[in-house]
Amino acid sequence: MEPHQDPDFERDRAFLIDSLVSLAFGLSVVYPDIKFEYDIPFWLDDEVELNGKTKPAYAHMIDNSDRIFMMSYRDTAGAIYGVAEDEIGYAESVGKTLVLGVETYSEEGDDVSFMEEGKHYMYGEIEKLRAMLPEGFGVAIHWIKSWYDLKV
């Protein structure tokens with residue numbers, strides 16, 4: 001569920017993000033025996049009020065999930081960690097783990113994916129990133145076809 005993919009996201013940003021947070025909360029209450037994991041963008045910092053508590057949307061999502069996959073798409077270990085630093089700290093503080101995502105294809109600029117740098121460079125940055133992450137946190141690679149197609 002990516003509210004930013006809605007064609008009206010720019011106009012309805014607050015409503016769509018509030019709806020995502022409310023849905024995650026509702027699902028966790030109605031189905032406490034099901035594990036919920038969500039993919040969220042690294043910029044999900046919008047302040048959202050839920051049950052009388054106002055905090056960044058990412059914090060509510062972490063609170064109401066079993067695990068979060070962060071779309072922390074950048075092409076260096078430091079940048080990937082940097083865009084997820086607040087979420088990492090919050091997740092640690094509430095005893096949750098995150099999986100940081102790396103991208104293998106993008107048309108949004110050359111700092112978003114490893115498309116230009118290739119596999120060897122990406123693997124090196126992933127190893128650096130893993131060394132930076134708290135125990136139990138992980139890394140996921142997005143888009144398998146473009147991963148296979150990356151230059152060496």
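Values below: every heavy atom of this structure, side chains too, minus hydrogens, waters and symmetry copies. This is a predicted model, so every value here is computed, not measured. Here, residue 1 is the first one in the sequence, and each next residue gets the next number.
Applying the 6.0 Å contact sphere to CZ of Phe15 captures no more than 12 heavy atoms from other residues, nucleotides or ligands. Surrounding CD of Gln5 are more than 12 heavy atoms belonging to other residues, nucleotides or ligands, all under 6.0 Å away. A 6.0 Å sphere centred on CD of Glu107 holds no more than 12 heavy atoms belonging to other residues, nucleotides or ligands. Shown here is Arg13, whose CZ atom has more than 12 heavy atoms of other residues, nucleotides or ligands within 6.0 Å.
Under the 3.5 Å distance criterion, the side-chain polar atoms of Glu125 are matched with a main-chain donor or acceptor of Ala77. In terms of modelled atom types and a separation under 3.5 Å, the side chain of Lys119 and the main chain of Tyr148 share a donor-acceptor contact. Between the side chain of Asp66 and the backbone N or O of Phe36, at least one donor-acceptor pair lies under 3.5 Å.
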Side-chain donor-acceptor pairs under 3.5 Å in residues 95-102, sequence neighbours left out?
from: Lys96; atom 1: NZ; to: Ile62; atom 2: O; distance (Å): 2.8
from: Lys96; atom 1: NZ; to: Asp63; atom 2: O; distance (Å): 3.3
from: Lys96; atom 1: NZ; to: Ser65; atom 2: O; distance (Å): 2.5

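The distance from the CZ atom of Arg67 to the CG atom of Asp39 is 10.5 Å, given to the nearest 0.5 Å.
Scored by the salt bridge (charged side-chain N to carboxylate O under 4.0 Å, His left out) test, Glu103 finds no partners at all (sequence neighbours excluded). Residues satisfying the side chain to side chain donor-acceptor pair (under 3.5 Å) criterion with Ser28, sequence neighbours excluded, are Asn64. Legend: residues meeting ring pair (Phe, Tyr, Trp, His ring centres under 6.0 Å) with Tyr90, ordered by chain and number and at least two apart, are absent. Among residues two or more places apart in sequence or in another chain, the salt bridge (charged side-chain N to carboxylate O under 4.0 Å, His left out) test is passed with Lys53 by none. Applying the ring pair (Phe, Tyr, Trp, His ring centres under 6.0 Å) test to Tyr105 and every residue at least two apart in sequence or in another chain returns Trp143.
For Asp149 against Lys145, the heavy-atom pair with the smallest separation is OD2-NZ, 2.6 Å. Closest heavy-atom contact between Gly118 and Leu150: C-CD1, 4.3 Å. When all heavy atoms are compared, the tightest approach of Glu47 to Thr54 is OE1-CG2, 3.4 Å.
Between Tyr123 and Trp147, the ring planes are perpendicular. Angles over 60° get that label, and only those under 30° would be called parallel. Using the six-membered ring where Trp is involved, Phe114 and Tyr121 have ring planes that are tilted, between 30° and 60° apart.
The closest side-chain heavy-atom distance from His60 to Lys55 is below 4.5 Å. Proximity of Asp45 to Glu87: side-chain heavy atoms (C-beta onward) are separated by under 4.5 Å at one or more points. Side-chain contact between Leu133 and Val139 is present, with heavy atoms from C-beta onward closer than 4.5 Å. Between Glu92 and Phe137 there is a side-chain heavy-atom pair separated by less than 4.5 Å. Counting only heavy atoms from C-beta outward, the side chains of Tyr73 and Thr104 never approach each other to under 4.5 Å. Put simply, the side chain of Tyr38 does not reach to within 4.5 Å of the side chain of Leu44, judged on heavy atoms. Residues Met115 and Asp110 have side chains not in contact (no heavy-atom distance under 4.5 Å, counting atoms from C-beta outward).
Ser113 and Ser106 share no side-chain donor-acceptor pair at under 3.5 Å.
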request  = Take Arg74 and Phe42 through the side chain to side chain contact (heavy atoms under 4.5 Å, CB included) test and state the conclusion after the steps.
outcome  = CA-CA 10 Å; Arg74 291 294 178 260; Phe42 68 82; 3.2 Å; yes
